[in-house]
Novice: 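Sharing a structure here in structure tokens format.
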Amino acid sequence: MGLTVKRKASQGTRIWRTAGRAAALLAVCALSGCGLIGRPVAPIGATSQTMTVTSPDFRPGGPIPAQFTCHGAGESPAIFWSGAPAHTKSLALVVDDAAAPISPEVYWIVYNISPGTSDIPAGMAPPGAEQANNSRGHARYDPPCPVGISHSYRFTVYALDSVLNRHLTSLRATWTAIARNVIARGRITGHVAAGG
């Protein structure tokens, strides 16, 4: 009898853990604009307001230079944006790879960027902004390093209607907080060839 109860409790724990992981994946996919089978879906906090995101280091859809990947210095490229709504309280930047085997793989999350800021210089985060852990558990920019085939990397800027808790560190908690407060977003995508 006791063994049966323990087995049921263990099964219940596994179900809750699996459900928690599934919920986290759904939140990440919804926010990043991906579907579970690769179709785009509306993000959490979907809005018709769009921002313009550009980079002096690569053109939209073009190759990301080696210095911003694992084949070079590995620093983050400069990102510029405009068009945040007037009532924006903070901004966030998320860099991800939707084609990763476990999609999406997040390379960088910067949040609580001042609403008066309009760019992130190459190789650094804006003063006063926070960085959360990425998919590898690092609170920094991890340079793209595709293996086998080229991958596309998305640099998405989110305008938020709130300043987020500055003690967020986990990928799941940060994605969820961003998703709940999105009022506008914009994106630039670049690609990196395998081996450079």
Side-chain angles (χ1 to χ4, degrees), residues 28-35 38-43 45-85 88 90-111 113-127 129 131-132 134-136 138 140-160 174-175 178-179 182-196:
V28 168
C29 280
L31 178 62
S32 62
C34 72
R39 294 192 321 262
V41 296
T47 175
S48 60
Q49 291 191 265
T50 323
M51 298 167 60
T52 300
V53 179
T54 61
S55 175
D57 297 317
F58 63 96
R59 69 181 191 281
I64 298 173
Q67 74 184 82
F68 306 112
T69 75
C70 68
H71 307 295
E75 67 179 12
S76 57
I79 301 294
F80 290 74
W81 59 85
S82 61
T88 298
S90 70
L91 297 146
L93 169 71
V94 178
V95 180
D96 75 316
D97 171 9
I102 300 176
S103 181
E105 172 126 359
V106 177
Y107 288 81
W108 198 24
I109 299 185
V110 184
Y111 69 98
I113 301 168
S114 167
T117 302
S118 60
D119 70 286
I120 295 181
M124 61 180 61
Q131 298 181 74
N134 57 29
S135 293
R136 297 177 187 171
H138 305 148
R140 65 170 190 243
Y141 175 79
D142 271 334
C145 196
V147 176
I149 60 170
S150 66
H151 283 227
S152 291
Y153 297 88
R154 307 183 295 191
F155 293 74
T156 308
V157 177
Y158 296 94
L160 310 178
T174 309
W175 272 101
I178 292 171
V182 175
I183 54 175
R185 70 173 183 162
R187 174 180 293 163
I188 183 172
T189 301
H191 69 83
V192 177

Novice: Minimum heavy-atom separation for A78 to S55, with atom names?
Specialist: O-OG, 2.6 Å

Novice: With a 4.5 Å cut-off on side-chain heavy atoms, are W81 and L93 touching?
Specialist: no

Novice: Would you mind reporting whether Y107 and S76 have side-chain heavy atoms less than 4.5 Å apart?
Specialist: no

Novice: If you compare all heavy atoms of A159 against all heavy atoms of M51, which two are closest, and at what distance to 0.1 Å?
Specialist: CB-SD, 3.8 Å

Novice: What's the shortest heavy-atom distance between S114 and L91, and which atoms?
Specialist: O-CD1, 3.4 Å

Novice: Can we call the ring centroids of F155 and F68 under 6.0 Å apart?
Specialist: no

Novice: Using 0.5 Å steps for rounding, measure from the CG atom of L160 to the CD1 atom of I183.
Specialist: 7.0 Å

Novice: Going from CG on D96 to CD1 on I109, what distance comes out if it is rounded to the nearest 0.5 angstrom?
Specialist: 9.0 Å

Novice: Evaluate the side-chain proximity of S90 to Y111: yes if any heavy-atom separation is below 4.5 Å, no if none is.
Specialist: no

Novice: So which atom in W108 and which in Q131 form the shortest heavy-atom distance, rounded to 0.1 Å?
Specialist: NE1-OE1, 2.7 Å

Novice: Which heavy-atom pair separates I120 from A125 by the least distance, and what is that distance?
Specialist: CG2-CA, 4.4 Å

Novice: Quiz question: by atom type and distance under 3.5 Å, do the side chains of H138 and R136 form a donor-acceptor pair?
Specialist: no

Novice: Can you give me the closest heavy-atom contact between T117 and D119, atom names plus distance?
Specialist: CG2-O, 3.2 Å

Novice: To the nearest 0.5 Å, what is the distance between CD1 on I188 and CZ on R59?
Specialist: 10.5 Å

Novice: Tell me, do T156 and V53 make a side-chain contact under 4.5 Å, heavy atoms counted?
Specialist: no

Novice: Quick one: does T69's side chain have a donor or acceptor within less than 3.5 Å of a partner on C145's backbone?
Specialist: no

Novice: Side-chain contact, heavy-atom cut-off 4.5 Å: E75 with Y141?
Specialist: no

Novice: Any side-chain heavy atom of I64 within less than 4.5 Å of one from D57?
Specialist: no

Novice: Would a distance-only check, ignoring hydrogens and angles, find a side-chain to backbone donor-acceptor pair under 3.5 Å from S150 to A193?
Specialist: no

